[in-house]
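Written out below as structure tokens is the structure these notes cover.
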Number of protein chains: 2
Amino acid sequence: MSRTSTSSSRARTEQPSEPTGRDTEDDLEAPCSIARSLEIIGDRWTILILRDAFRGLRRFDELRRDLGIPRAVLADRLKKLVDAGVLHRRRYQEHPPRDEYRLTPMGIELSPILVALMHWGDRWLADDGPPTVLVHEPCGTDVELGFHCRTCDVDFPPTAIVSRPGPGSAA
Amino acid sequence: MSRTSTSSSRARTEQPSEPTGRDTEDDLEAPCSIARSLEIIGDRWTILILRDAFRGLRRFDELRRDLGIPRAVLADRLKKLVDAGVLHRRRYQEHPPRDEYRLTPMGIELSPILVALMHWGDRWLADDGPPTVLVHEPCGTDVELGFHCRTCDVDFPPTAIVSRPGPGSAA
DNA sequence: GTAGCTGGGTTCGGATTCCGAACCAAGTCG
DNA sequence: CGACTTGGTTCGGAATCCGAACCCAGCTAC
């Protein structure tokens, strides 16, 4: 997903009723995509909720039981994730009214973050081997997550990365 | 310790008056590499500290100024990261005694997590384009981070992933 | 030699947030 | 009807977070 030229993907950031000029104190968000991501998913419970969402859990009580999270905290995190556009709340039956939370495309694209967290934990914190392994479904091979250069057609280590100001930089 | 550490994935059957205690050894760590990783880096400030470490910041005051983090919180997070083995504290001059914090190999391997966070923020939260871009140093092409199957020799989307119990699973 | 500055912290109230337990509402079961 | 389930909200106490103040070692300028 190199976003070289298709960078105009429109994200739905919240724009709270701001009809007039907005340019003084509105730009309080950090000029850093990591910081902006963390404003949405930078919470321990939130990541665990998303992990469970990827595992297929969808209902409030399923999540609450699996995580052992306080109800109020779960309700708050789910609401924030829905507001952010990461989860979608959907009523799937009317008669006992039951809602479920599902990942949106925005949420599904969080998977590299979770996989990276999991691989790192497997490598450095799992003394007895990985509790879970992810495999490529068609063939059963372990999933690899790595840096790749399309031009050179090579995988490379993090030390081969340099950063540059992008189009959204302040300067 | 930071918060309740063993908070997730624990049933509520905890006997308060249990002098013998400690019979469940799996109570110490969650059987999930994501949860274990989050016990070390699952804090907003911690991730931002690591981001700055990747950017080359090494000294206490550099970090404090850049992040605007309270001193006590920075001291606490740095200590925890050093204890965990992610950062290494090194005295680089004796005469005013000055220490620096550098990423260990364990810390450097966190880079896919940060890159994944950055790419997600670029894609969904950066209205004006990415503030920073990462490029492959030898050729200047944008860094890609993706799933790859060595057997099939293909990149694939997250929907092609399935999970299985690994050697460290409880069962 | 002493006053001040800098790096690297620790300590201290007050404000947030988190948590467990209790409660509530809507629907279903027996 | 009363018991039970899902999906929450409300409440007081406990744990964190924060800004500000303080500490200490080592320079540096007066």
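Just so it is clear: chains get the letters A, B, ... in the order the sequence lines come, proteins before strands, and each one is counted from 1.
In this structure, CG of B:Leu74 is placed 8 Å from P of C:dG9, rounded to the nearest angstrom. In this structure, CG of A:Leu78 is placed 14 Å from C1' of D:dT9, rounded to the nearest angstrom. C:dC18 atom P lies 11 Å from atom CD1 of A:Ile49, rounded to whole Å. Rounding to whole angstrom units, CD of residue A:Glu62 and C1' of D:dG7 are separated by 13 Å. If you take CD1 of B:Ile69 and P of C:dT10, they are 13 Å apart, rounded to a whole angstrom. C:dC19 atom P lies 9 Å from atom CZ of A:Arg44, rounded to whole Å. Atom pair B:Asp99:CG and C:dG7:P shows a separation of 13 Å (rounding to whole Å applied). When the C1' atom of C:dC19 is taken as reference, atom CG of A:Leu67 falls 15 Å away, rounded to whole Å.
Qualifying ring-ring contact (aromatic ring centres under 6.0 Å, His included) partners for A:His148, counting only residues two or more places apart in sequence or in other chains: none. With sequence neighbours excluded, the residues that form a side-chain contact (heavy atoms from CB on, under 4.5 Å) with A:Arg58 are A:Glu62, A:Glu100, A:Arg102. With sequence neighbours excluded, the residues that form a side-chain contact (heavy atoms from CB on, under 4.5 Å) with A:Asp99 are A:Arg89, A:Arg91. Remark: B:Arg55 pairs with B:Asp52 by the side chain to side chain donor-acceptor pair (under 3.5 Å) rule, at least two apart or across chains. Evaluation of the side-chain contact (heavy atoms from CB on, under 4.5 Å) rule for A:Asp76 yields A:Lys80 as partners, not counting sequence neighbours. In this view, A:Ser37 satisfies the side chain to side chain donor-acceptor pair (under 3.5 Å) rule with no residue, not counting sequence neighbours. Every side-chain contact (heavy atoms from CB on, under 4.5 Å) that A:Asp61 has, sequence neighbours left out, goes to A:Arg64, A:Arg65, A:Arg71.
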Practice problem: Classify every nucleotide of nucleotides 22-30 of chain C by which part a protein heavy atom approaches to under 4.0 Å, writing B for the base, S for the sugar-phosphate alone and - for neither, in 5'-to-3' order. | Solution: B----SS--

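Checking the phosphate oxygens (OP1, OP2) of D:dC18, a side-chain nitrogen or oxygen of B:Trp45 falls inside 4.0 Å. At the phosphate of C:dG9, OP1 or OP2 sits under 4.0 Å from a side-chain N or O atom of B:Tyr101.
Connection of B:Ile161 to A:Val135 is not established within any shared hydrophobic cluster, with ILVMFWY side chains joined at heavy-atom distances below 4.5 Å, either directly or through further cluster members. Linking Ile, Leu, Val, Met, Phe, Trp and Tyr whenever their side-chain heavy atoms come within less than 4.5 Å puts A:Leu38 and B:Val73 in one cluster. In the hydrophobic clustering of this structure, A:Trp120 groups with B:Val82; members are Ile, Leu, Val, Met, Phe, Trp, Tyr whose side-chain heavy atoms approach within less than 4.5 Å, directly or through other members.
Within the structure, no pair that satisfies the salt bridge (charged side-chain N to carboxylate O under 4.0 Å, His left out) test touches residues 158-170 of chain B, not counting sequence neighbours. Screening residues 133-148 of chain A for salt bridge (charged side-chain N to carboxylate O under 4.0 Å, His left out), with sequence neighbours left out, gives A:Glu144-B:Arg150.
Comparing the axis of the opening five pairs of the helix from C:dG1-D:dC30 to C:dG30-D:dC1 with that of the closing five pairs yields an angle of 10°, rounded to 10°.
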Could you go over nucleotides 2-4 of chain D and give all protein N or O partners under 3.5 Å, atom names and distances?
none

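Nucleic acid contact for B:Arg77: sugar-phosphate only, since backbone atoms but no base atoms lie under 4.0 Å from a heavy atom of the residue. If you check every strand for non-hydrogen atoms under 4.0 Å, B:Ala72 touches a base. At a threshold of 4.0 angstrom between heavy atoms, the contacts of B:Arg64 with the nucleic acid are absent. Heavy atoms of B:Arg89 sit under 4.0 angstrom from primed sugar atoms or phosphate atoms, though from no base atom.
You'll find that the side chain of B:Asp43 is closest to D:dC17, out of D:dT6, D:dC17, C:dT10.
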